[in-house]
Amino acid sequence: MPQGRTTLIEHPFDIVVFGGRGDLAKRKLIPALFHLDVENRLPPDGRIIAVSRAKLSREEYRQQMREACTDCELEKFDPGAWDKFAERLDYVALDGSDPAHYELLKQALAGREQVVRVFYLATAPDLFVPVATNLAAAGLITPVTRLVLEKPIGHDLASAHEINAAIGKALSEQQIYRIDHYLGKETVQNLMVLRFANGLFEPLWNRTHIDHIQITVAEKVGVGGRWGYYDKAGAIRDMVQNHMLQLVCLVAMEPPITLDADAVRDEKLKVLKSLMPMRGADVAQLTVRGQYRTGTMDGKAVPGYLEEPDAGRASDTETFVAIKAGVQNWRWAGVPFYLRSGKRLPSRTSEIVVQFRAPPYALYPESAGAIHPNQLVMRLQPNEGIRLLMLNKQRGPGELRLRQTALDLSFNETFGGRSPDAYERLLLDVIRGRPTLFMRVDEVEQAWRWIETILEGWDREGITPKPYTAGSWGPSSAIALIERDGRTWHEDEE
Ligand code: BG6
């Protein structure tokens with residue numbers, strides 16, 4: 001056993017992964033379970049049963065996943081550890097939409113009715129309801145069953161509600177785990193710790209002391225082979241409805257009364273309910289849509305969104321979005337939340353910037369340098385950490401000069417080791433029956449309610465995406481969105 005590692009799960013479990021050969025299973029789920037096993041986090045009697053339509057033997061499936069895990073981020077792939085892990089891996093070929101096929105799954109699960117049973121739907125969302133209904137009809141839902149749903153849940157409020165209602169007939173809300181993998185990221189969990197385990201920030205965490213908040217989730221990658229999915233979603237459904245709004249919730253929520261799932265989710269729901277709806281022509285002022293065009297990144301030409309493989313037609317889907325949002329409550333009234341997310345931006349950077357108000361009076365002369373307001377920068381990726389930017393006196397006996405410097409906490413340097421992937425934490429939580437980091441039905445639907453005010457506004461006002469060159473920070477109107485308020489997007493000087 002690696003030193004200091006303990007098995008975190010006492011009881012046997014079966015995880016059934018629908019979409020077992022899909023991109024998510026290969027890139028995230030199986031590698032996450034493998035890492036957990038390598039670190040001895042799983043009990044010996046934990047099984048993983050992958051399901052998909054392809055006719056494969058168990059051995060062929062294991063071989064495919066071995067290749068997937070060889071490329072994953074474990075410092076060194078250990079063939080012995082893999083062979084031990086592979087013993088847990090089973091494969092069942094079945095069509096999830098066909099009720100007749102569930103007999104095969106029943107056989108694979110027979111005799112383990114008392115064991116924690118997780119059905120993970122890493123499939124296209126149109127299979128969520130058929131699979132849940134078929135599982136129930138086959139008698140495969142037991143009191144210790146948990147169902148995991150990947151995003152997106154629906155493409156608007158009505159479709160999300162329909163899915164939630166249909167699944168709610170097969171399982172109780174306590175058995176449903178709606179994943180937003182951002183909640184499993186170490187730094188995102190740390191946000192609550194930073195706010196609620198330290199006394200320093202909470203008294204300042206309000207409209208009196210905070211000027212505005214910025215949340216950026218920037219990606220270098222383009223849409224690549226996911227055009228079919230992405231073109232129906234766009235940045236607003238793919239990133240804002242879920243990941244970014246969850247970040248807004250964690251920044252803006254009131255302290256929960258306990259860390260219980262419902263106590264935390266009640267507070268997040270209140271934030272979602274406080275989001276200022278986009279009314280009338282507001283949407284043209286408060287949002288920016290963009291779509292990337294051909295450009296150069298790291299010295300290489302990259303195609304525009306409309307030239308990506310599988311594209312082949314004109315499209316008004318946005319690959320970039322910027323929003324000036326407002327949280328209408330006592331704590332946050334008048335404090336703008338600037339959000340931006342996009343593909344083919346210059347760097348992969350996700351961060352939350354809390355900008356405090358400038359000092360009330362300019363004591364130092366202009367010749368000493370600009371008075372930059374303090375900023376707390378929470379870096380989610382890469383170089384996870386926290387920086388507090390403040391002014392200091394530059395060394396030397398000459399004229400007084402002010403210089404912005406950072407109190408800098410790098411999680412890698414401080415804690416060392418590997419930062420676990422979000423899915424490792426979330427999979428463990430599902431098996432252990434801890435739903436705090438998963439979205440409750442009302443959160444998902446409330447998020448859609450707000451997003452719909454934007455979608456309807458875009459439709460009503462005829463707002464289509466503005467082009468931006470791949471490798472730039474989005475359309476120039478995204479810069480104007482913040483600069484017309486006399487503020488600027490944060491840029492790290494690193
Ligand atoms: C997914 C989106 O939910 O999150 C992708 O569907 C996006 O489009 C991804 O690339 C980003 O996740 P991460 O963990 O790489 O920031």
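First listed ligand is number 1; within each ligand, the first listed atom is number 1. Values reported hereafter were calculated over all heavy atoms of this structure, with side chains retained and with hydrogens, waters and symmetry mates removed. Numbers here are sequence positions counted from 1.
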- request: State plainly whether the residues Asp180 and Lys151 are in salt-bridge range, i.e. N to O under 4.0 Å.
  value: no
task: May I ask you to say whether Arg379 pairs ionically with Glu384, meaning some side-chain N is under 4.0 Å from a carboxylate O?
output: no
- line: Close residues (non-hydrogen atom under 4.0 angstrom from ligand 1) work out to Lys151, His181, Tyr182, Lys185, Glu219, Arg226, Asp238, Met239, His243, Lys343, Arg348, Gln381
message: With a 4.0 Å cut-off on N to O distance, would you call Asp211 and Arg487 a salt bridge?
response: yes
message: Students often mix this up, so state it plainly: with edges at 30° and 60°, are the rings of Tyr61 and Tyr91 parallel, tilted or perpendicular?
response: parallel
Short N-O contact, Asp14 and Arg117, less than 4.0 angstrom: no
- prompt: Is the backbone N or O of Tyr120 less than 3.5 Å from a side-chain atom of Arg146, with the two atoms forming a donor-acceptor pair by type?
  reply: no
